[in-house]
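Just so you know, residue 1 is the first one in the sequence shown, and it goes up from there.
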Amino acid sequence: MLRDSLEVQSLHAALLAADPARVVTAFQRTGSVELLRTLLNQEETRTHAFLDAAGPDQATRAVRSILVEHSLLPARDNNLARFKHWIVTAAQDIKDPAERQAFNQFARWRHLRELRQRPQPLSTNLVSSRRRELRIVIELLTWSAKRGRSLALLTQADIDEWLATGHGERHRVKAFLAWAQKNNNCQKLHIPRRQRTGLLVTGLDSRTRLKILEGLLEGNASAHPATAFAAAMTLLYGARPHQLTALQVTDILTRADDTYVRLGADPLLLPSRVGELARKVLLDRSAPRLFGTVSDAQWLFPGSRPGQPLTAAALIKRLRAAGVQPATARTGALGELAQDVPPVVLARLTGISVANAIRWSEAVSASNARYGSLGQLTSSSRS
């Protein structure tokens with residue numbers, strides 16, 4: 001068809017314009033080349049379903065991306081598609097047909113429905129968390145089956161034993177059991193509220209964080225401006241990797257000499273040197289593709305898939321290579337901010353929930369109180 005021929009011509013033109021060395025390297029992947037040839041020559045195979053059956057995501061990712069980029073395949077959210085397929089596959093581990101059906105219905109009602117309503121593309125961390133919850137549901141059903149118990153016959157004593165003899169995430173079956181009881185699949189069972197552990201505010205101190213930041217701003221590190229900017233947001237404001245990768249071009253605001261970033265409800269005014277970094281990132285949002293590098297128009301941190309941002313895991317890897325450990329840097333930054341900013345303001349500027357902002361404020365207050373008590377005790381012992 002004419003439409004297809006124009007799109008294939010677009011791909012052909014991109015190959016001719018690409019860096020020859022990148023093209024040669026790409027075509028050394030014989031499996032990818034054969035797959036691409038099949039999809040271009042046989043239009044009926046040019047579907048996401050065909051690629052799903054052709055191998056794992058890692059083996060088909062590059063070919064899928066190049067076809068989507070040149071409109072030979074429609075764009076789709078791969079995390080959502082893979083999660084939907086995983087539900088069907090994982091359910092096969094449930095031997096009882098009625099319980100398998102209940103699992104599938106719950107997964108579609110609670111997770112697929114909710115994920116479809118979220119802005120896409122979905123983050124890998126978000127989908128992984130949903131997958132983890134469903135795995136724990138399968139753990140419970142497998143555990144009960146080995147004891148000759150069906151879901152319908154589970155007792156509170158069974159649930160108490162299961163919770164007491166396993167890992168700390170077993171409480172995550174609460175939503176499934178509530179849904180099952182509502183749908184007459186089991187009796188009413190109680191999962192106690194999990195006690196939240198106190199936050200640790202022992203991250204990187206301000207002097208260490210500022211020293212790392214100074215090195216990045218002075219260009220002493222080999223970090224790309226985008227990585228340096230992500231590091232600055234982590235070191236100063238405790239921004240989370242998946243929060244940063246979700247930033248779009250429209251989340252950077254410039255007004256005269258001032259630069260703002262929208263992490264939460266209210267734009268956050270950046271220090272001038274960090275603002276300069278943000279402006280540099282706006283000008284260079286290159287994204288790697290199979291045959292070369294392209295410029296992305298939407299994401300501040302574009303990924304290797306067309307229309308999708310960098311993954312949080314990839315950003316964490318870049319931050320660590322630049323000398324920033326995200327977890328300890330974030331803890332230090334939020335601990336310091338919580339001392340100086342009211343929880344509601346902290347939440348609106350950094351994008352964390354008000355509840356979490358209050359927890360940070362309380363944790364800092366408790367830490368300071370313990371430190372003060374220790375200082376008084378030390379002074380008394382010296383007297």
Side-chain angles (χ1 to χ4, degrees), residues 52 76-199 240 242-243 312 347 351-359 362:
D52 291 339
R76 78 166 187 182
D77 190 315
N78 281 293
N79 280 332
L80 182 61
R82 291 169 63 196
F83 180 59
K84 183 179 179 181
H85 176 74
W86 177 87
I87 290 172
V88 176
T89 303
Q92 301 309 309
D93 291 337
I94 303 171
K95 305 305 179 186
D96 184 276
E99 293 181 2
R100 188 185 313 124
Q101 181 181 12
F103 173 85
N104 277 316
Q105 290 175 343
F106 170 74
R108 290 195 297 269
W109 170 80
R110 176 172 169 82
H111 295 299
L112 280 178
R113 184 185 65 165
E114 188 262 342
L115 289 175
R116 286 187 178 119
Q117 294 172 349
R118 284 177 172 264
Q120 295 184 11
L122 301 173
S123 73
T124 302
N125 286 351
L126 177 65
V127 176
S128 295
S129 176
R130 301 297 191 271
R131 189 181 293 117
R132 175 60 178 157
E133 179 182 319
L134 292 175
R135 282 198 183 104
I136 296 171
V137 171
I138 295 174
E139 283 181 23
L140 172 61
L141 296 176
T142 303
W143 179 88
S144 60
K146 288 180 179 178
R147 285 156 179 75
R149 293 277 194 184
S150 65
L151 175 61
L153 297 177
L154 276 178
T155 66
Q156 187 62 48
D158 294 326
I159 293 298
D160 292 342
E161 179 185 352
W162 188 70
L163 292 171
T165 56
H167 54 78
E169 287 190 285
R170 286 189 165 184
H171 70 282
R172 295 184 67 180
V173 298
K174 184 173 184 175
F176 172 73
L177 292 178
W179 176 89
Q181 188 268 327
K182 185 178 180 180
N183 288 274
N184 300 316
N185 296 117
C186 71
Q187 62 178 294
K188 187 174 183 179
L189 300 166
H190 174 66
I191 301 289
R193 182 185 296 272
R194 189 184 185 193
Q195 295 296 320
R196 301 188 74 171
T197 58
L199 289 170
R240 296 157 290 185
H242 71 270
Q243 183 183 21
I352 66 174
S353 67
V354 173
N356 270 338
I358 292 172
R359 289 184 70 211
E362 291 174 345

Within this structure, what is the [atom1]-[atom2] distance for the pair [X] and [Y], rounded to the nearest 0.5 Å?
X      : Y      : atom1 : atom2 : value
Gln117 : Leu112 : CD    : CG    : 11.0 Å
Leu163 : Ile191 : CG    : CD1   : 4.5 Å
Asp160 : Thr155 : CG    : OG1   : 8.0 Å
Asn79  : Leu122 : CG    : CG    : 6.5 Å

Item to check | NE2/His85: more than 12 non-hydrogen atoms of other groups inside 6.0 Å | outcome: no

Next on the checklist: Counting only heavy atoms not in Lys84 (residues, nucleotides, ligands), do more than 12 fall under 6.0 Å from its NZ?
Outcome noted: no

Next on the checklist: Has Arg359 got a side-chain atom pairing as donor or acceptor with Ala355's backbone, closer than 3.5 angstrom?
Outcome noted: no

Next on the checklist: Between Asn183 and Asn185 (side chain of the first, backbone of the second, donor and acceptor by atom type, cut-off under 3.5 Å), is there such a pair?
Outcome noted: no

Checklist entry - With a 4.5 Å heavy-atom cut-off, do Leu154 and Ser144 have their side chains touching? => result yes

Listed by chain and number, what are the side chain to side chain contact (heavy atoms under 4.5 Å, CB included) partners of [X], not counting sequence neighbours?
X      : result
Ala91  : Arg100, Phe103, Asn104
Ala357 : Pro343, Leu346, Ala347, Ile352
Glu169 : Arg132, Ile136, His167, Arg172
Arg135 : Trp86, Arg131

Next on the checklist: Using the rule given for side-chain contact (heavy atoms from CB on, under 4.5 Å), can you reason through His242 versus Leu126, listing the C-alpha separation, both sets of side-chain angles and the distance that settles it, and then say yes or no?
Outcome noted: CA-CA 9 Å; His242 71 270; Leu126 177 65; over 6 Å; no

Next on the checklist: Please evaluate residues Asn125 and Ser128 with respect to the criterion side chain to side chain donor-acceptor pair (under 3.5 Å), reporting the C-alpha separation (whole Å), side-chain torsions for both, the decisive distance (0.1 Å), and the verdict.
Outcome noted: CA-CA 5 Å; Asn125 286 351; Ser128 295; 5.4 Å; no

Checklist outcome for this item: Here the pair of heavy atoms bringing His190 nearest to Ile159 is O-CG2, 4.0 Å

Checklist entry - Which heavy atom in Arg170 sits nearest to a heavy atom in Thr165, and how many Å separate them? => result NH1-OG1, 3.8 Å

Next on the checklist: Before you tell me yes or no, could you show the steps for Leu141 and Leu151 under side-chain contact (heavy atoms from CB on, under 4.5 Å), namely the whole-Å CA-CA distance, both residues' side-chain angles and the distance that decides it to 0.1 Å?
Outcome noted: CA-CA 7 Å; Leu141 296 176; Leu151 175 61; 4.1 Å; yes

Next on the checklist: Go through it in stages, so that I can follow the logic: the residues are Leu140 and Leu177, the test is side-chain contact (heavy atoms from CB on, under 4.5 Å), and I'd like the CA-CA distance, side-chain angles, deciding distance and then a yes or no.
Outcome noted: CA-CA 10 Å; Leu140 172 61; Leu177 292 178; 4.0 Å; yes

Checklist entry - Is there any salt bridge (charged side-chain N to carboxylate O under 4.0 Å, His left out) pair reaching into residues 106-119, and which pairs are they, with sequence neighbours excluded? => result Arg110-Glu133, Glu114-Arg118, Glu114-Arg130

Next on the checklist: Run the side-chain contact (heavy atoms from CB on, under 4.5 Å) test on Ile87 and Phe83 for me, step by step, so that the C-alpha distance in whole Å, both residues' side-chain angles and the decisive distance to 0.1 Å come before the verdict.
Outcome noted: CA-CA 6 Å; Ile87 290 172; Phe83 180 59; 3.8 Å; yes

Item to check | Basic-acidic side-chain contact under 4.0 Å: Arg149, Asp158 | outcome: yes

Item to check | Partner residues of Phe106 under the ring pair (Phe, Tyr, Trp, His ring centres under 6.0 Å) criterion, sequence neighbours left out | outcome: His111, Phe176, Trp179

